Amino acid sequence: MSFDYESKISKAVQQVPPSAIRKFFDLANEMQGHVISLSIGEPDFVTPWSIREAAINSIVDGYTHYSPNSGYIDSRVAISEYINRRYGVVYDPKSEILITVGGSEGLDLAARSLINPGDEVIVVEPCFVAYKATVEFAHGVPVIVETKPENNYKLMPEELESAITDKTKYVIVGYPNNPTGAVMTLDDWAKIRDVLMRHPDIIVLSDELYCELNYLDGKPASLTQFEELRERVIMVNGFSKSYAMTGFRIGYLAGPKELIAPMFKIHQYCIMCAPSTSQLAVVEAATNADDEVEKMRDEYNHRRRIIIQGLKDAGLDCFTPYGAFYAFPCIKSTGMSSEEFCEKLLVEKHVAIVPGNAFGKCGEGFVRISYAASLEDIMEAMKLVKEFVEEHKR
Ligand SMILES: Cc1ncc(COP(=O)(O)O)c(C=O)c1O
């Protein structure tokens, strides 16, 4: 007798396909021999020592229990001061900041606390794979706005405007962008602000995970900086990317207390609190690690230039990324689909990258290459990509 598992699993869960990033990551792991992986969004740097030391000391000092549900007050104060220093915006650490398990939990909490079945959520693609999935898990309806290389992958105000309906609950924006590396300046955001001012009921979820990795001027630019939107912008942020702290699993939500409170309710029941040790490490990161972040940003910026040149030499068109640690070249000239390109490159040259359509349909014809890898690996991979494109010239 076989148990009918399928009928037991929620339809919402069944309908969401597995992440295509994972598929390529697993394929690369199964390959025999050395594979150069430029496939994952994970800094290759070791977490700066002073941050690791703070984590060690937290254990020595006995911080091995639950913390308050929203996080230790010292950690929330440190995060609030960090946001003020970098963004010039003040959030009350007691009521407007919630420490989460990575930015990932923040995305999920927003979806679960805001969406009623059938509500529409505008998702700007190509984007991080969790945006659409979290909306679908919460029985919302993602409405896709596609960004384009000819607009430098920026969100265009008229395209946002035309996606808004009376069912729109919120819009998710993620800049600096994964996977394109696009950034929005404050002037770009001002145009989006103007659209939102015409629609006073719409909430904004602004994913700022890569806020420190902005190579235009190193400063975050964000909708949170417009006072007139303050009552309805929620910032999702965290330490994974900019501080090379993916394994610490610390993120945070910052926003008006009326929107943080319902997210806190879910977090309190379902998660209890973010890891205590990691929260203590974050006090150090948010307070004393600006120099370390700058060093990593400079190194990424150097690699970014090398990768852009490498792609050019390989004959692939690539929009110039100014943020995060990804390049998103167009591979249409090879005649291959994104999946085909990535599969063949992996099998023939042992280089792992991710098909662009993993980040939305409009990513078809593109691939995501991460430069969160050593310069040596990046240079070797670019040589192999060049050979590969030449061997497959039509
Ligand atoms: C744009 C973006 N947001 C959020 C996350 C989640 O990060 P974490 O949960 O590690 O903080 C990622 C991870 O890849 C990301 O790329």
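No hydrogens, no waters, no symmetry mates; every other heavy atom, side chains included, goes into these values. Numbers for residues simply follow the sequence, beginning at 1. Here the structure is a predicted model, which means the values were calculated and not measured. Order of appearance sets the numbers: ligands from 1, and atoms from 1 within every ligand.
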Colleague: Report yes if Tyr210 has an N/O atom closer than 3.5 Å to an N/O atom of ligand 1; otherwise report no.
Modeller: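 Yes; at least one N/O pair falls below 3.5 Å.
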
Colleague: Hey, are Ser58 and Asp61 close enough side-chain-wise for a donor-acceptor pair under 3.5 Å?
Modeller: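 Distance-only check fails for Asp61 and Ser58.
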
Colleague: Among all protein heavy atoms, pick the one closest to atom 2 (C) of ligand 1 and tell me residue, atom and distance.
Modeller: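 That would be Asp207 OD2, 3.4 Å.
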
Colleague: When you compare ligand 1 with Tyr326, is there at least one nitrogen or oxygen pair between them that comes in under 3.5 angstrom?
Modeller: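 There is no such contact.
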
Colleague: Answer yes or no for Glu42: is there a heavy-atom contact with ligand 1 below 4.0 Å?
Modeller: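 Not so, Glu42 does not reach ligand 1.
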
Colleague: Going by heavy-atom distance to atom 8 (P) of ligand 1, choose the closest among Gly41, Pro176, Ser240, Gly247.
Modeller: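 The nearest heavy atom belongs to Ser240.
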
Colleague: Hey, are Gln309 and Asp313 close enough side-chain-wise for a donor-acceptor pair under 3.5 Å?
Modeller: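 Asp313 vs Gln309: donor-acceptor pair found between side chains.
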
Colleague: Below 3.5 Å, N or O to N or O, backbone or side chain included: is there any such pair between Gly103 and ligand 1?
Modeller: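 Looking only at distances, the answer is yes, because the N/O contact criterion of under 3.5 Å is met.
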
Colleague: Does the residue Gly102 have a heavy-atom contact with ligand 1, meaning some pair of atoms that are separated by less than 4.0 Å?
Modeller: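 Judged by the 4.0 Å heavy-atom criterion, Gly102 does count as contacting ligand 1.
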
Colleague: Looking only at protein heavy atoms, identify the closest one to atom 9 (O) of ligand 1 and say how far it is in Å.
Modeller: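 Among all protein heavy atoms, the one nearest atom 9 (O) of ligand 1 is Ser104 OG, 2.6 Å.
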
Colleague: Starting from atom 5 (C) of ligand 1, locate the nearest protein heavy atom and write down its residue, its atom name and how far away it is, to 0.1 Å.
Modeller: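 Atom 5 (C) of ligand 1 sits closest to the protein heavy atom Phe128 CE2, 3.3 Å.
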
Colleague: Can you name the one residue among Arg297, Arg303, Lys295 that meets salt bridge (Lys or Arg N to Asp or Glu O under 4.0 Å) with Glu299?
Modeller: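 Single salt bridge (Lys or Arg N to Asp or Glu O under 4.0 Å) partner of Glu299 among Arg297, Arg303, Lys295: Arg303.
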
Colleague: In the protein, what heavy atom is nearest to atom 14 (O) of ligand 1, and what distance, to one decimal place, separates them?
Modeller: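 Going by distance alone, atom 14 (O) of ligand 1 is nearest to Lys241 NZ, 2.7 Å.
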
Colleague: Between ligand 1 and Tyr131, can you find any atom pair, the residue atom being a heavy atom, that is separated by under 4.0 Å?
Modeller: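 In this structure, Tyr131 qualifies as a contact of ligand 1 - some heavy atom is under 4.0 Å.
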
Colleague: Just so I know, are the side chains of Phe388 and Glu348 near enough to count as touching, which here means a heavy-atom distance under 4.5 Å?
Modeller: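 Yes - at least one pair of side-chain heavy atoms lies under 4.5 Å apart.
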
Colleague: Determine, stepwise, if the pair Tyr87 / Tyr82 fulfils ring pair (Phe, Tyr, Trp, His ring centres under 6.0 Å).
Modeller: CA-CA 8 Å; Tyr87 288 81; Tyr82 162 81; 7.1 Å; no

Colleague: Between the side chains of Tyr326 and Tyr210, is a donor N or O closer than 3.5 angstrom to an acceptor N or O?
Modeller: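 Yes, Tyr210 and Tyr326 have a side-chain donor paired with an acceptor closer than 3.5 Å.
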
Colleague: Need the ligand 1 atom indices (1-based, order shown) with element for anything under 4.0 Å from a heavy-atom of Arg249.
Modeller: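 Counting from 1, the qualifying ligand atoms are 8 (P), 9 (O), 10 (O).
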
Colleague: Between Asn237 and Glu208, is any side-chain donor less than 3.5 angstrom from a side-chain acceptor?
Modeller: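 Glu208 and Asn237 do not have a side-chain donor-acceptor pair below 3.5 Å.
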
Colleague: Kindly check if the number of other-residue, nucleotide or ligand heavy atoms within 6.0 Å of CD (Gln14) is above 12?
Modeller: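 More than 12 within 6.0 Å, yes.
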
